[in-house]
Amino acid sequence: MTTFWSRRGALAASGAGALALALPAPGAAALPGAAALRSAPVEETPADEYAALRGKWRALLLGEGFSPTAEPFRTKLATLGSTARGYLAAMAPAEGSLWPDNVYADPDPDKDTESYTYSAQIQNSYGKLRTMAEAYAQPGTGLTGDPALLAAVLTGVGHLGTQVYNESQAPYGNWYNWQIGAPQALLDICLILDDQLPDELRSATAGAIDHFVPDSSVAAYHGTSTGANRIDLCRVLALRGALDGTAAKVALARNAVSPVFPYVTSGDGLYADGSLVQHTWVPYTGSYGAVLIDGLSKLFALLGDSAWAITDPQRQIFLDSVEHAYAPFLHDGLMMDGVSGRAISRGLVAGDPAKVQQDDHLRGHAIIASILLLGQGAGADENARWRAMAKGWFGRDRYSDVTTGRTLGVAPLSRVIALLGDSSVRPASETSGHRVFPGMDRAVHRTPDFTASVSMSSSRITYYENGNGENLRAWHTGSGMLYWWGPEGEGQYSDGYWPTVDPYRLPGTTASAKPLADGEGGIWGAARPDVVWAGGASDGTHASLGQHLKGLSSTLEAKKSWFFLGDSVVCLGAGITGGDGTRVETVVDNRSLGADGTAGLTVDGRTQPGGSWSTTLNRVRWAHLAGHAGYVFPGGTTLTGLREERTGTWKAINGGGSADPVTRRYLTLLADHGVDPKDAEYAYILIPGASRARTAARAADSRWLDILANSAAQQGVRVPSSGFTGINFFAAGTVGPVTADAPVSVQIHEKHDGTAVVCVADPGRTVKGLTLTWRRRVRSVLSRPGTLTGVGTGSALTLRFGDLSATNGVTQTVRVRTA
């Protein structure tokens, strides 16, 4: 991860060591005797596989094939040099620190928050030295080959090694800093410098890493040695072996990768349905998943064509995840926030002179760059597909142009620029369709007009994760948050959204206004509702999703459904009940208009005022937000509208964030269910990208939608024009022409060719047997899943299923002939 507070864990601790080394002033000659400290250069010959590994790693870190005088590399390299020069000027070795603002000596070492901060400064100090080493090795930095800079890096490595990162030091604070963060940066320094590295430092580095990252750290696949963490540990072990030619370490790293590959059915790892979970309860494709694919792509590249190539046949499972797990959450260059956990709160980091905001585009670009690198170790067909996909993603990203260099470092950017300049690669277009990810209570919907994603929670998946002072107010992100991107661009959740949005009013959610404390519910995904229904059925094009919602630290309870169609999403809610003495609201939308947006709102043909206002609108049939979407309310509704400016800071939601104020304008539409509602409900249709005329026409077409049921027991709709019927049976019963004797999600799509697709899912994973009846003439069954145990056709279709609980929420599909 990119910040020190990005991992959890704890170990016992003790104090730090002593002795500071002298440092030359900026621009001065190397330290007296520094040349004598250096080892003789390692003879890099074709027979020296360890030298080859080190050379590969330098190329992966530094990049190759780019012109340092061409933009954006010229500016990036100059900025790197400027940053390194600042670190050099400020470096002041002293007892307990290498820089005055990075004190690592812990006066009371243990595993509390204060000790986390101290241990993080070890990693941060090595990170600064790594930047200096890169500025020394890269061309065009203004410090390329500078002897004073080299001497300072060697002095700094020696200082940290003598004082704190050595074989006699007991770890304190965050385990991650000792086993991954610090050793990764330290090994990068050593391999960037390589033949400039003194034997003493090479040996001391190897000994320190063996102490903090012993072979036992990968002996078992559990705890902090799973998923992305495991790959990070393998990277440390592989580079540790390359550092001094220890074959056993490289072999151990290669072998320890294998447990990451197989699918899992619970806890951390990659699921057969494409879900990716870390920290047991948290969807993490976009954050820990980014670390996973970055680490594996580099290990494949490092060890490929060597004696330690990763040849485990199960590696194909991970290669398949590019299109099965990662691509569904990549949209025009961004990685969706609903699977990025705590990373959504990082934004602007305190003290970052460049003020580079971490956002969904930055995360997306990094993952796409990793896919490009991974392709070098995949098959030719896979590599060609991935290169086309990457070129399409980058080309469609109108919000964050990758060629500016804002989002990627020099090395990955060099690979991306080469791809974009390769005329033989045709950019792939965005795909359409729907994917449900039962393993992490998420779903993604794509059409030619819009992309959407919904985030749910259950006893299996947390409402949200906070920890290390991060993501403190994302309480309701798992309460049915509906993200969507339309034709107006991809910056909706990128441009200062998380520090400024009202955290009680996230789009799509039903939430109590009961005040919640920062970090409410506990850290590391501890906050989970004691309900099981979250998910639904999909035929790959449409979907019928449902959620049994229980509010975080409140008495709120509701049933929510989303029916995803070709141009819209039908949203139903019922059984909305609460007793906390506070209001309960369903947020139809809460749209950021940017820093100075003036998008006009029209309600039932009447233009609403600009500026800031709040009002209650009665008997509303439709609303339209210019440049964004249309909203239709079948039967009419009472709607609260709010246009406001909101100011917040990244620091308020992340202790390491910037305290600079951020202000954005918002347009909010919500259904106010009142204080302590009982069995309240709502119904609306979201039409992303719709014009005002199309929205009004949809509202006027009373035949377009039939709401078959909207209660706490069942919710269902029928759209005759598209042959779609979707029903969530939260309890057994009959809805329209369909009867189910168990709680399941059902979707039926009747096609013009005389066939129909019947989809059934068990989101709660509790159904041991199901009889489903569709009162529609059916001639025959054309295809069936293994879970189907009996069929009846004729004037009605009867489907008898066996145990559905073992399907892990995955849709069971039956294709029938109706004519």
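Treat the numbers as computed from the prediction; the structure is a model and nothing was measured. The figures that follow rest on heavy atoms only: side chains count, while hydrogens, waters and symmetry mates do not.
Judged by the 6.0 Å distance and 45° axis criteria, Arg230 is not positioned over the aromatic ring of Tyr221. Taking the centre and axis of the six-membered ring of Trp281, the NZ or CZ atom of Arg460 falls outside the cone set by 45° and 6.0 Å. In this structure, Arg342 is not positioned above the aromatic face of Trp524 in the sense of NZ or CZ being under 6.0 Å from the six-membered ring centre and within 45° of the axis.
For the side chain to side chain contact (heavy atoms under 4.5 Å, CB included) with Trp484, the qualifying choice from Asp589, Thr451, Val569 is Asp589, the only one to do so.
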For residues 271-278, tabulate all N or O donor-acceptor pairs below 3.5 Å that involve a side-chain atom, not counting sequence neighbours.
| from | atom 1 | to | atom 2 | distance (Å) |
| --- | --- | --- | --- | --- |
| Tyr271 | OH | Gly267 | N | 3.0 |
| Tyr271 | OH | Gly267 | O | 2.7 |
| Asp273 | OD1 | Ser275 | N | 2.7 |
| Asp273 | OD1 | Ser275 | OG | 2.6 |
| Asp273 | OD2 | Gly439 | N | 2.8 |
| Ser275 | OG | Gly439 | N | 3.2 |
| Ser275 | OG | Met440 | N | 3.2 |
| Gln278 | OE1 | Ala228 | N | 3.4 |
| Gln278 | NE2 | Thr226 | O | 3.3 |

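Every side chain to side chain contact (heavy atoms under 4.5 Å, CB included) that Lys391 has, sequence neighbours left out, goes to Leu419, Leu420, Val425, Pro427. By the side chain to side chain donor-acceptor pair (under 3.5 Å) test, Ser266 pairs with no residue at all, sequence neighbours left out.
In summary, the aromatic rings of Trp485 and Tyr493 are positioned with their centroids under 6.0 Å apart.
Between Tyr284 and His279, the ring-plane angle classifies as perpendicular under the 30° and 60° cut-offs. Using cut-offs of 30° and 60° on the angle between ring planes, the pair Tyr504 and His476 is tilted.
Taking a cutoff of 4.0 Å between a charged side-chain nitrogen and a carboxylate oxygen, Glu323 and Arg385 qualify as a salt bridge. Ion pairing between a basic and an acidic side chain is recognised when a charged N comes within 4.0 Å of a carboxylate O; Asp359 and Arg346 show no such pairing. A salt bridge is defined here as a Lys NZ or Arg NE, NH1 or NH2 lying under 4.0 Å from an Asp or Glu carboxylate O, and Lys298 with Asp294 meets this definition. The pair Asp596-Arg665 does not count as a salt bridge, with every side-chain nitrogen at least 4.0 angstrom from each carboxylate oxygen.
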